[in-house]
Amino acid sequence: MKESKKISFEDYNIEFTDDDLEGVDINTLKECKEKLEKAIQRLENK
Amino acid sequence: MEEKMDKAQTLMDKVNKLIDKLENETNIVKRTMYSIKAKMLIEKLNRTIELQEMKELFEQNKMDRADNLEKEKCELRSDIISIRTQIAEREKELAKRKEYDIDSNKFMFGKEEVEKYGGIDEYVNLLEGSGKSDQKAVAATIRDVEYIKSEIDRLLGEMQAKKDELSNKENEHKMADKKEHKELVKADIKNKIGVFSRISSFFKNVKSSIKESIEERSAKKIIMEASKEKNAVLMDEYNEELRKSQEEFEKEVEKLKEERAKRAQEITGKYEDKMQEQSESRDEALSENKKMRANSFKEELRKHAKEGNDDPKNGAESKGEEEPAKEEQEDEFTL
């Protein structure tokens, strides 16, 4: 269960845990989401 | 507050770094895998946003409920105070009456006497019907006291109801808070476990698919190698068979050649014998013919010689000239 509590991008040395998102204001969360969505869209259109 | 801002900045930096890495990723497999993970992260962010909105709504509802409760509590408390005041006033009125003892909450006249007349109402009716003004006044006082007492009881009832209502309102508020908090906790757990378990199960599936694929590939490889080995063995066997067949064929060809030569020899020998025989018989015939012709010529010569011997003039010349002719004839036949 512990291993599943994070999203790891091993080769980039980046990982996201619950703790990273907890307590962050809603506007920052929305901004991060939008940025990622746009990046994914760009990657899919490549 | 500062810590919250730091966390927000850290998260934003991480997201920017991830986007930068993803956009510069050249390995298509890695890019696809990490894009899927990034989508999971989007979902996680989405759920966290939803949860936060839910929390905010919960907090708002909780505050609204608390405000409403507080207002209701104030009203109820005010009502209760008002009722208490009314009760106090009634009690004061009772206290004014000498016929009533406020401390013991009892009339000052004998209980036994009242019961004797069949209760307070009957007793008051009796006093009023007596025609005596003092007894009538007592009856009026008793009625007032009864009324005030009933009013006090009503007010006490109302006050109790208000108190109960207040208690109920507090309980309801607590229950509503508890229920909403439960839902919030559920959503929080769903948010924490749901996405990650989906991610976990997704990657478990991916891992197992890759594992299966690898196993399948290695199995295929083994089969291919076995097949190759089998093919090599078959090829060896085929070559060996081919070599043997070739050898047998060559042997057969040699045999046939020998047979052919033998038969050719036989046929040749057979015809040679016949030709020899024919040649011999022809030679014999020729020799016989030659002999016969020579004999006939000799006979002719003898005849001529005999005739010459009968004529003496031509005897010597004829003899000398005839000898070379004889030789010529012999040579001719010999040839």
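Worth saying up front: this structure is predicted, and the values here are computed from it rather than measured. In the text below, chain A, chain B and the rest are named by the order of the sequence lines, each starting its count at 1.
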Checklist entry - Can you list the residues that meet the salt bridge (Lys or Arg N to Asp or Glu O under 4.0 Å) rule with A:Asp19, with sequence neighbours excluded? => result B:Lys7
Checklist entry - So, is the end of the B:Lys17 side chain (NZ or CZ) under 6.0 Å from the ring centre of A:Tyr12 and within 45° of the ring's axis? => result no
Checklist entry - Any idea which heavy atoms bring B:Ser35 and A:Ile40 closest together, and the distance? => result O-CD1, 3.6 Å
Next on the checklist: Working to the nearest 0.5 angstrom, can you tell me the gap between B:Asn16 CG and A:Cys32 SG?
Outcome noted: 7.5 Å
Item to check | A:Leu29 versus chain B, the contacting section by heavy-atom distance below 4.5 Å | outcome: both
Checklist entry - Within residues 18-29 of chain B, which positions have a heavy-atom distance to chain A below 4.5 Å? => result B:Leu18, B:Ile19, B:Lys21, B:Leu22, B:Glu23, B:Glu25
Item to check | Among A:Ile7, A:Asp11, A:Ile14, the one residue meeting side chain to side chain contact (heavy atoms under 4.5 Å, CB included) with B:Tyr34 | outcome: A:Asp11
Checklist entry - Tell me the salt bridge (charged side-chain N to carboxylate O under 4.0 Å, His left out) pairs involving residues 25-38 of chain A, sequence neighbours left out? => result A:Lys30-B:Glu53
Next on the checklist: Would you say that A:Asp20 contacts B:Thr10 through its side chain, given a criterion of any heavy-atom pair below 4.5 Å between the two side chains?
Outcome noted: no
Checklist entry - Looking at CD of A:Glu10 and NZ of B:Lys37, how far apart are the two atoms once the value is rounded to the nearest 0.5 Å? => result 4.0 Å
Item to check | Residue pair B:Lys39 / A:Glu44: nearest heavy atoms and the distance that separates them | outcome: NZ-OE2, 2.7 Å
Checklist entry - Under 4.5 Å, heavy atom to heavy atom, which residues of residues 73-85 of chain B contact chain A? => result none
Checklist outcome for this item: When every non-hydrogen atom of A:Leu36 is compared with those of B:Ala38, the smallest separation belongs to CD2-CB, 4.5 Å
Next on the checklist: With rounding to the nearest 0.5 angstrom, report the OG1 to CZ distance, B:Thr48 to A:Phe16.
Outcome noted: 12.0 Å
